[in-house]
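Working notes for the structure below.
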Amino acid sequence: MTTRLVASRRRADASLVIGIVLIGIVIGMALVSYLWTPYNPTQAMPADRLQGMSADHIFGTDRYGRDTFTWIMYGARITLLVGVVSVAIAALIGVPLGVLAGMTPYGWLSGLIMRGNDLLLAFPALLLAIVFSAVFGPGTGPAMVALGIASIPGFARVARSGTLQVMSTEYIMAARAANRRIGPIAVFHVLPNIAGMIIVQASVAFALAILAEAGLSFLGLGTQPPTPSWGRMLQESQQYLSSHPMLALWPGLFIAAAVLGFNLLGDGLRDRFDPKLKGRD
Amino acid sequence: GAGNNGSGGEEKRTDMVVAHTAEPVNLDFTTTGGAAIPQALMENVYESLVRIDQDGELKPALAESWDVSEDRKTYTFHLQHGVTFSNGDELTSADVKFSYERVNSDAWTNGLKAKMAVIDSIDTPDDATVEITLTDPSNGWLYDLASAVGAVFSEDAVDDLANKAVGTGPYEVQSFTRGQEIVYAAREDYWGGQPNLETVTFKYYKDPVAAVNAVKSGEVDVLASLQAPELAGDFESPDDYQVVEGTTNGEVVLSMNNAEGIFADKKAREAVLYAIDEQAILDTAWGGYGTLIGGMVPPTAPYYEDLTDVYPHDVDKARELVKEAGIEGESFTYTVPNLPYATAVADIVVSQLEEAGLKPKIETQEFPAVWLEKTFTNHDYDMSVINHVEANDMLTVFGDGYYTGYDYSQIEDAAKKADTGTEEEYVSGMKDVARTITEDAAAGFLFLFPNLIVADAKVEGLPENFVSDSFPIATLAWK
Amino acid sequence: MAGYLIRRLLQFAVTAAAASVIVFLLMQVLPGNAAQVALGTNATPEAVAQLERTYGLDRPLPVQYLDWISGMLTGDFGTSYVTRAPITPVIADSIQVTLIIVIASMAVALLIAVPLGSLAAVFQKRTLGTAISAASQVGIAVPNFLAAIILIMIFSLGLGWLPSSGWAAPIEGFGRFLARLALPVLALALVQAAILTRYVRSAVLEVMREDFLRTARAKGLTKTQALVRHGLRNAAIPVVTVAGIQLATMLIGAVVIEQVFVIPGMGSELVRAVANRDLVTVQGIVMVLVVLVLLLNLIVDLLYTVLDPRVRRAA
Amino acid sequence: MPAHASAAAPPAPVSKRSLLEVTDLSITTAQTTLVHPTSFTIAPGERVGLIGESGSGKSLTASAVMGLLPEELTATGSITLAGTEGDLLERSDRQIARLRGLNMSMVFQEPMSALNPLMRVGAQVAEVMRIHRTQSKTDAARRAIDLLGLVQLPDPQATARAYPHQLSGGQRQRVMLAMALANDPQLLICDEPTTALDVTVQRQVLDLVLNAVTTSDTGLLFITHDLAVVARVCEKVMVMYHGEIVEAGATEQIFTDPQHDYTRGLLAASDLTATDDDGRLFTIATARAYDAARLSRARFTPPEAQVTGEQQVATASGTANDPGAQEQAPLIEIEGLHKTYQRTKSGLFSRADTVDALTDVTLSIRAGQRFGIVGESGSGKSTLLRILSGLEPLTSGYVRVGDCEIASASQAQLRAMREELQIVFQDPFASLDPRMQVADIVAEPLVAMGVPAAQRREKVSETLEAVGLDACSRARYPHQFSGGQRQRISIARALVCRPRILVADEPVSALDVSVRAQVLNLLTDLVEDYELTLVFVSHDLGVVRHLCSDVVVMKDGRIVESGDVASIYDHPQHEYTASLVAATPTLAAALDERAG
Ligand SMILES: Nc1ncnc2c1ncn2[C@@H]1O[C@H](COP(=O)(O)OP(=O)(O)OP(=O)(O)O)[C@@H](O)[C@H]1O
Ligand SMILES: Nc1ncnc2c1ncn2[C@@H]1O[C@H](COP(=O)(O)OP(=O)(O)OP(=O)(O)O)[C@@H](O)[C@H]1O
Ligand SMILES: [Mg+2]
Ligand SMILES: [Mg+2]
């Protein structure tokens with residue numbers, strides 16, 4: 001391996017490590033929140049309202065006297081939930097469709113799938129989310145589903161182009177010559193080989209979903225009370241921006257950290273999976 | 001707008017920008033519900049025969065004076081002289097007759113029209129006199145007349161009410177940009193004398209923080225209703241700003257479905273009332289602004305009485321009642337309209353209820369679309385919260401078939417007697433009704449919504465209290 | 001070329017038609033009775049029924065659909081039964097606002113991203129490149145409404161240079177227009193610039209690896225000259241695609257910024273119309289947005305063929 | 001031992017004033033040294049070849065001269081170019097840029113990507129003159145067209161207006177050459193300029209280079225790994241191995257009397273006409289037995305090649321020449337086969353493209369035969385194989401493999417047929433799924449046949465052993481193997497189900513010469529051991545000649561000639577075959593030509 005490759009690999013690894021650490025913190029907080037939190041997240045303590053950072057409340061308290069750190073911990077759950085569910089929807093629908101479009105010998109079928117994809121692409125995430133919140137009422141659920149549906153086309157495209165690439169390789173030809181049927185080829189050859197791209201796409205979609213949920217919560221269309229969510233915290237802290245800026249700082253910081261984490265993870269993985277960085281000579 | 005006020009130097013400005021929260025979707029309150037349209041148009045563009053002043057008292061408006069017959073069924077109004085509509089037509093008693101008969105026709109679809117159902121006949125002995133006969137005496141009717149149902153229209157100008165408003169008021173609508181602003185221009189030929197300001201602009205800000213920012217950056221001179229009271233502290237410097245705290249007719253009601261479900265049991269409702277700590281709610285959710293009332297009557301009403309001691313905050317008692325009612329841990333839906341005060345209140349209410357062993361499940365509902373249909377119309381809820389802003393709405397809110405599901409028969413006779421009785425009978429009768437409702441634990445009365453106005457320090461003539469359904473701009477002026 | 005154009009246009013029309021059916025059906029499942037909302041708390045069932053009759057809401061769905069479509073094709077989006085006013089001017093006004101903001105933001109974002117991204121690529125392994133990359137990573141992670149709020153706090157509330165909210169059309173005075181345009185555009189552009197910087201960087205890096213750049217240097221160009229003369233146009237191709245996608249998401253994504261700055265754009269109109277259950281308006285706005293996105297995709301595709309002679313070849 | 005190397009390679013006897021002087025050039029990364037101190041000179045008009053295995057540092061050396069080294073590498077030593085002041089290595093990019101394209105120019109290996117895809121080629125050629133202001137704008141455009149004519153591009157006017165993608169690889173390479181020659185440089189560097197080209201095109205490009213340098217007395221540094229090519233073009237050769245020039249001298253001398261082991265190995269492995277006592281090709285390992293001097297003798301004994309051919313036929317004779325076998329029905333029979341591809345139209349010119357990949361192909365292959373198919377790129381060789389194996393539907397015609405009639409066969413019949421017929425593909429890197437372990441790759445055909453797991457393991461081990469891979473490679477992934485080893489894996493996969501027919505689609509064209517010999521030897525062994533019928537596809541005539549008994553020559557989807565190897569190669573009937581044979585560079589022929 002040449003030094004250039006070593007350098008890229010090292011940078012990729014740095015991205016990966018930082019990304020994993022940031023995401024690890026978020027996941028860790030979410031998991032711990034199921035076992036323990038410093039305070040009850042919904043219990044208001046009017047006497048303790050709007051306190052600054054202290055030993056009792058390391059991130060301070062909000063207008064109802066609730067512990068901000070507890071809220072950040074609970075908020076990590078929603079953030080991850082939104083990411084996981086929306087990415088799962090997008091990937092579980094988008095990837096099979098993309099693979100099918102890439103593998104089918106029938107031009108009309110792949111054409112149909114891709115046109116459907118184009119159609120879906122015309123409904124951006126926020127548009128769907130606004131309409132969904134009207135149909136099903138505002139909430140985390142409709143938001144996740146809307147974000148998930150809106151990111152189907154991305155996954156389908158990546159999966160299809162990856163599949164086409166894989167299908168044109170000689171090892172697929174070899175597998176067909178070895179009498180493998182289309183199903184096993186999809187499972188044992190295509191999916192493992194496009195998994196890298198899909199994972200990269202997923203980490204980026206994850207980051208986008210977190211941002212979109214925050215935006216929706218800001219519009220009042222995302223997570224609803226009394227569920228703690230970072231987007232909602234940010235929205236509610238708006239009126240305290242000049243008097244108690246810490247209230248906005250914490251959720252803002254954690255949203256940014258989570259998004260950064262997933263983006264860095266995606267970058268790192270992309271470099272890892274980049275064929276150009278593999279010894280190819 | 002207020003943009004170019006720097007160049008004038010000493011010269012007094014003749015325009016003013018006022019920020020509001022709820023925007024009118026059109027200009028026609030005869031067919032469109034909601035408080036926003038009357039707020040923008042009543043007293044400014046349309047006038048009624050009478051009006052309610054800042055202290056909640058009846059004052060003459062288009063009617064210079066009026067007489068009431070012995071049987072308190074016939075009202076004779078004497079109209080002001082020299083009143084013209086903004087289209088140039090002169091006001092006559094025929095316009096009044098036309099307008100009020102129109103309320104009772106199909107042309108009005110706004111449910112408010114019910115307030116005029118009590119009218120039996122309208123006569124116009126001459127151009128300046130209107131005689132209105134009621135089917136029964138009514139103490140509340142004259143107050144109702146001061147609201148939007150009493151607006152007097154010109155007979156030739158009702159074709160396109162949604163987009164064109166022609167009235168007798170001090171201002172006319174110069175332009176209306178839906179969702180953004182209404183620009184008013186002063187009328188030179190106003191019967192009450194030309195108002196102080198030449199132009200007034202209402203700007204609409206759904207987001208309270210944006211509205212506050214607009215005041216701070218000087219784009220807005222008056223913020224008519226601060227929906228983020230925590231921010232009032234930002235306007236502490238008296239040289240630059242003034243914060244006016246007045247009252248409104250708005251009772252923030254923690255409504256419970258009396259007819260069905262978990263709160264059909266009075267014990268359950270009582271538990272709720274003991275569980276909630278109104279003062280804490282006011283402090284955390286609304287920055288301590290507002291008044292605790294304990295009942296459905298604002299202090300500006302003649303039959304007001306402090307009822308806050310009927311159900312004091314007592315968590316232990318609440319827990320006991322919860323056990324007695326056998327509803328410990330039983331989950332119920334608490335529908336919260338997505339309005340600033342409602343969501344602000346929800347968090348703390350839930351916390352207090354949970355402390356008493358109750359288990360509310362919040363369901364946020366879009367207001368008005370979803371809340372109106374599910375909670376209000378279909379009564380598909382256990383608990384909700386809403387600010388009932390109309391004047392004299394106690395009998396409506398706890399009336400027959402209303403979403404509160406209150407057993408109206410409990411108060412029906414008393415209410416009838418009060419309305420048709422003498423003024424004293426009216427006051428004492430209504431007091432009894434209000435107490436009965438509170439004692440029945442028909443709903444929680446969290447607080448009286450404050451009228452928080454933030455304005456440039458040099459603005460005067462602000463309507464301190466919001467007790468009618470309008471925001472009058474004729475009194476506004478620069479110092 | 002003509003054949004391709006016709007084929008693409010046809011595809012566009014079919015997709016738009018399919019989208020219109022989806023939009024229409026979506027509107028039918030919105031809960032909340034529109035007429036009820038329009039009439040308010042005290043509406044009687046008779047009044048509701050009458051309003052439905054007046055606006056033809058009681059007709060069969062296919063009839064309503066055809067009526068809507070044929071109206072739209074002649075530029076008439078119908079009359080709102082909430083505002084009682086024609087919808088076309090509302091859409092026309094708000095679309096104009098949104099397009100101005102979004103296009104201006106994209107222009108600003110590109111003005112920032114292209115030089116920064118190129119620098120980050122050229123100085124890939126030096127401090128400057130790393131710094132730009134890191135800054136763009138962080139920029140992407142900041143929600144744009146947070147950026148907007150911070151900008152307001154600095155430039156409007158703090159320094160008092162610019163208004164915190166509102167909108168003015170260019171005809172109301174160019175200064176006023178620019179003053180109100182500046183912050184929302186900046187808020188959108190900063191985050192977009194961060195996103196685009198990354199794409200520019202990777203596109204330039206990709207191009208720098210290309211053999212033809214070495215050829216250009218072998219001809220006698222220095223590194224920078226080679227990059228500018230031969231590299232940038234090649235790097236533009238992937239960037240155009242991303243910019244197109246971003247522009248499409250911004251059309252509706254700007255709604256958050258519009259709310260913060262109280263700007264009457266498409267997004268704000270949509271949110272308002274949804275809240276008022278102003279279905280005809282919702283339908284119209286969603287349809288216009290969808291068509292705009294489709295149109296953007298079409299334009300990007302065509303731009304591609306202009307930029308890249310290889311695409312013109314049947315592959 | 002750089003000093004030793006340069007000492008061992010004194011400048012060519014022609015003691016002209018040198019044009020390029022490279023002294024103690026070494027190229028290092030932060031960690032390692034890639035090119036050890038190296039010195040050489042090139043005189044005006046001198047043609048110097050630089051050969052060596054992949055990764056030995058040839059390109060880096062050339063890049064250093066041009067000042068085009070990647071940033072992360074540093075070059076020390078000195079490089080001087082006649083007519084310019086001082087050491088090139090000490091100049092800034094800006095200063096050295098003035099020399100590039102004017103005093104010295106370079107042609108790169110990869111013709112497909114070396115031109116700017118967005119710029120018309122005429123403009124790209126004119127740009128070299130514009131950069132150095134050797135021509136005015138209009139003159140540059142005019143001269144660009146002349147140059148395109150000079151490098152024998154058809155219709156230079158039209159070509160100048162074309163974009164690179166509209167030209168073939170050979171045409172692009174000629175554009176590159178026109179660009180390099182535009183300012184009459186003193187020094188021309190060609191870095192493997194023809195490896196991506198078909199033999200006939202390769203020959204044309206080489207002729208052009210030769211012509212250009214001889215007419216204007218340009219010094220030439222020619223990098224290649226193809227010994228035959230270097231022998232044709234260069235009068236002096238330097239051999240590079242692991243970043244050092246291990247040997248240098250006159251072409252004749254190096255190729256007939258190599259001193260260094262590596263050079264000898266290289267020569268032996270690339271000589272497809274020489275075999276050891278077992279009739280196997282020489283590899284680096286067995287190169288000691290190789291007699292390099294036979295190359296110099298070659299031109300005095302022209303029939304040598306023919307002798308090998310006969311030898312070849314003799315080794316493969318067992319079944320093929322058995323008259324009884326000839327009477328049997330052929331194992332594979334193809335008659336009047338047509339294949340037309342419909343290209344999906346997605347570009348601007350949406351004409352429905354059809355490509356006639358195969359036209360009226362008729363051939364038959366007997367059991368046990370070693371059957372070669374040769375032809376240039378795009379002549380339909382791979383298509384034919386895909387049809388044979390039932391992986392691609394045919395348009396019309398009759399194809400039979402064993403007792404399976406492909407056109408009308410059901411999927412099940414095709415599956416059964418494919419158990420008899422297995423394929424080895426061209427690219428050892430692309431034909432193995434990078435995410436599968438070797439054992440799974442090799443077992444794949446068995447899985448499809450439904451062989452139980454235990455039996456599969458056994459068969460896989462057996463086959464891996466047969467192709468010379470040890471048991472511990474089972475659990476490894478393809479990227480952990482060298483190219484030659486990978487090709488063994490693919491051969492193992494093909495043989496694991498014991499087919500009767502082995503079809504190989506250019507199995508060695510992606511391999512280094514030394515590895516190529518090993519793989520070809522392995523194939524020969526296996527074909528004998530397993531009594532396989534071999535269908536072998538290649539564009540390399542030498543390889544086919546070595547391996548096969550019979551051959552068909554394809555061009556544009558048609559068979560232009562067929563017969564036994566010896567007669568086709570030595571007495572080609574069709575002019576295309578003749579040109580193909582003539583264009584194929586062989587070391588012996590090249591040396592021959594030089595002498596003649
Ligand atoms: N930028 C670089 N950084 C580090 N190592 C490099 C770099 N470029 C090339 N190398 C290494 O230097 C060695 C020589 O490379 P070079 O390209 O000169 O080989 P070559 O002889 O031209 O081989 P080929 O025949 O494959 O072209 C190789 O091992 C290669 O991996
Ligand atoms: N799937 C396909 N669709 C369209 N055209 C094809 C397809 N496969 C091959 N062709 C065309 O058919 C012709 C023959 O291709 P084929 O791959 O058989 O050639 P080849 O002789 O194997 O060439 P090479 O030596 O480059 O592998 C070529 O012109 C090729 O472009
Ligand atoms: Mg090389
Ligand atoms: Mg081939």
Neighbourhood of chain D inside residues 167-187 of chain A, taking heavy atoms under 4.5 Å as contact: A/T169, A/E170, A/Y171, A/M173, A/A174, A/A175, A/R176, A/A177, A/A178, A/N179, A/R180, A/R181
Working for side-chain contact (heavy atoms from CB on, under 4.5 Å), residues D/R435 and A/H189: CA-CA 8 Å; D/R435 287 174 218 283; A/H189 293 286; over 6 Å; no
Heavy-atom contact with chain A under 4.5 Å, split by part of D/L432: backbone
For chain A, the option from D/P434, D/G390, D/C497 that forms the most heavy-atom pairs under 4.5 Å: D/P434
Heavy-atom proximity to chain A below 4.5 Å, by part of D/E419: both
Residues, nucleotides or ligands: over 12 heavy atoms within 6.0 Å of D/R457 CZ: no
For chain A, the option from D/P445, D/S490, D/A494 that forms the most heavy-atom pairs under 4.5 Å: D/P445
Most chain A-contacting option - heavy-atom pairs closer than 4.5 Å, from D/M449, D/H479, D/R386: D/R386
Heavy-atom proximity to chain A below 4.5 Å, by part of D/E444: both
Option that, when pairs with chain A are counted at under 4.5 Å, heavy atom only, ranks first among D/V503, D/V447, D/V496: D/V447
